[in-house]
Amino acid sequence: MIENTMTLIPDYGLYVWLCFLTTLGLFVAHMLQAFLEKRNMVQRVKQKPILSGRTSRNQQSSACEQFSE
Amino acid sequence: MKNWPKQIVAWGTPKYFYTFAGRLLFPLSLLFLLSLSVGLYGGLFIAPSDYQQGEAFRIIYVHVPAAFLSLLIYTIIFFCSVVFLIWRLKLADIIAQSSAALGASFTFLALFTGALWGKPMWGTFWVWDARLTSELILLFIYFGYMGLRAAIPNAETRGKTSALFAIVGMVDVPIVHFSVYWWQTLHQGATISKLARPSIANEMLMPLLLMITAFFIFYMLMVCYRSRTEILQREHKAQWVGRMLTT
């Protein structure tokens with residue numbers, strides 16, 4: 001079974017396959033990290049109590065940063 | 001169309017971008033999977049082997065897209081930094097922040113795959129060649145940018161300082177690109193140029209273009225995803241976030 005599968009993989013050498021596998025691994029790692037970060041952030045935001053007396057800036061969600069001078 | 005400046009500013013709000021990026025996730029994922037699978041199939045099974053380099057030339061299908069994206073992403077970070085410094089557009093800072101880790105990863109990938117390609121072609125993994133060295137410096141610039149962002153807790157200082165750092169670091173991007181023309185290097189010149197005919201056969205070129213497209217779509221997909229997370233963190237006190245997450 002393993003021998004049959006191995007014959008399907010072209011013999012391009014170790015370096016070629018290492019490059020392609022590293023690339024795919026990097027893609028998977030980035031997607032996994034992004035997914036976990038998003039999930040954790042949603043959980044954190046949901047757990048936080050809703051604050052009363054928000055500023056108008058928070059309610060409006062402005063496009064530009066308004067730093068205090 | 002009287003209110004077009006207001007409209008543009010409205011598009012730049014985190015709330016609008018959060019919704020817009022959310023809608024893009026599914027089509028971008030589909031496009032990424034499609035272009036990656038067709039590009040990989042073309043690069044690994046359809047493209048013929050090179051008459052000089054043999055099968056090792058197939059590394060081009062990950063090396064060139066990674067190197068291209070490493071420069072492109074830094075250029076995007078540069079433009080976002082300029083926009084943030086001039087107009088204080090929060091979204092520009094968010095996109096720059098979300099892009100940095102991806103840019104660093106692609107730079108590392110370009111160096112790693114380049115080293116593995118260099119061994120069979122040049123007989124060595126590494127030479128202190130102008131192209132390789134300037135690309136390595138780009139990786140350090142990415143690390144510096146990310147480190148700077150992580151080290152400054154104050155949002156105002158973090159935004160301004162990292163934007164300035166990114167603008168100064170931009171000087172390395174043209175050096176990486178033109179290094180093969182300015183200095184005698186071991187690294188070859190551009191394979192694909194806008195002004196000249198590509199120095200590569202069509203059956204080898206098509207998978208390469210598809211792989212570049214796949215890498216770019218992956219970048220857009222990850223920026224949309226990571227920016228949404230960053231927006232949630234920055235805007236968690238806003239009412240619309242609470243509404244969005246409860247519905």
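As a basis for the values below, the full set of heavy atoms in this structure was taken, side chains included, without hydrogen atoms, waters or symmetry mates. Convention: sequence-line order gives letters A, B, ...; per-chain numbering from 1.
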Original post:
His236(B) versus Met41(A): any side-chain heavy-atom pair under 4.5 Å?
Top reply: no
Subject >> Crowding at CZ, Phe125(B) (>12 non-hydrogen neighbours, <6.0 Å) >> reply: yes
Original post:
If you take all heavy atoms of Phe112(B) and Thr22(A), which pair is closest and at what distance?
Top reply: CE2-OG1, 3.3 Å
Subject >> chain A contact residues among residues 24-36 of chain B, heavy-atom distance under 4.5 Å >> reply: Phe32(B), Leu36(B)
Original post:
Is there any salt bridge (Lys or Arg N to Asp or Glu O under 4.0 Å) pair reaching into residues 51-64 of chain B, and which pairs are they, with sequence neighbours excluded?
Top reply: Glu55(B)-Arg58(B)
Original post:
Minimum heavy-atom separation for Thr229(B) to Ala34(A), with atom names?
Top reply: OG1-O, 4.5 Å
Original post:
Quick one: does Leu44(B)'s side chain get under 4.5 Å of Trp17(A)'s, heavy atoms only?
Top reply: yes
Original post:
Relative to chain A, which segment of Leu232(B) carries a heavy atom at a distance below 4.5 Å: side chain, backbone, both, or neither?
Top reply: both
Original post:
Is atom OH of Tyr12(A) surrounded by more than 12 heavy atoms (other residues, nucleotides or ligands) closer than 6.0 Å?
Top reply: yes
Original post:
So which bits of residues 99-108 of chain B come within less than 4.5 Å of chain A, counting non-hydrogen atoms only?
Top reply: Ala101(B), Leu102(B), Ser105(B), Phe106(B)
**OP:** Could you look at Tyr18(B) and say if it's the side chain, the backbone, both or neither that has a heavy atom under 4.5 Å from chain A?
**Re:** side chain
Subject >> Atom CZ of Phe68(B): over 12 foreign heavy atoms under 6.0 Å >> reply: no
Original post:
For Leu24(A), is it the side chain, the backbone, both, or neither that has a heavy atom closer than 4.5 Å to a heavy atom of chain B?
Top reply: side chain
Subject >> Qualifying salt bridge (Lys or Arg N to Asp or Glu O under 4.0 Å) pairs with a residue from residues 28-43 of chain A, counting only residues at least two apart or across chains >> reply: none
Subject >> Residues, nucleotides or ligands: over 12 heavy atoms within 6.0 Å of Tyr51(B) OH >> reply: no
**OP:** Indicate the ring-plane relationship of Phe27(A) and Phe215(B), choosing parallel, tilted or perpendicular according to the 30° and 60° boundaries.
**Re:** perpendicular
Subject >> Heavy-atom pair of closest approach, residues Val62(B) and Cys19(A) >> reply: CG2-CB, 3.8 Å
**OP:** First locate atom OG1 of Thr23(A), then atom CZ of Phe218(B), and finally report the distance between them rounded to the nearest 0.5 Å.
**Re:** 10.5 Å
**OP:** Any chance you could measure Phe20(A), atom CZ, to Leu40(B), atom CG, to the nearest 0.5 Å?
**Re:** 6.0 Å
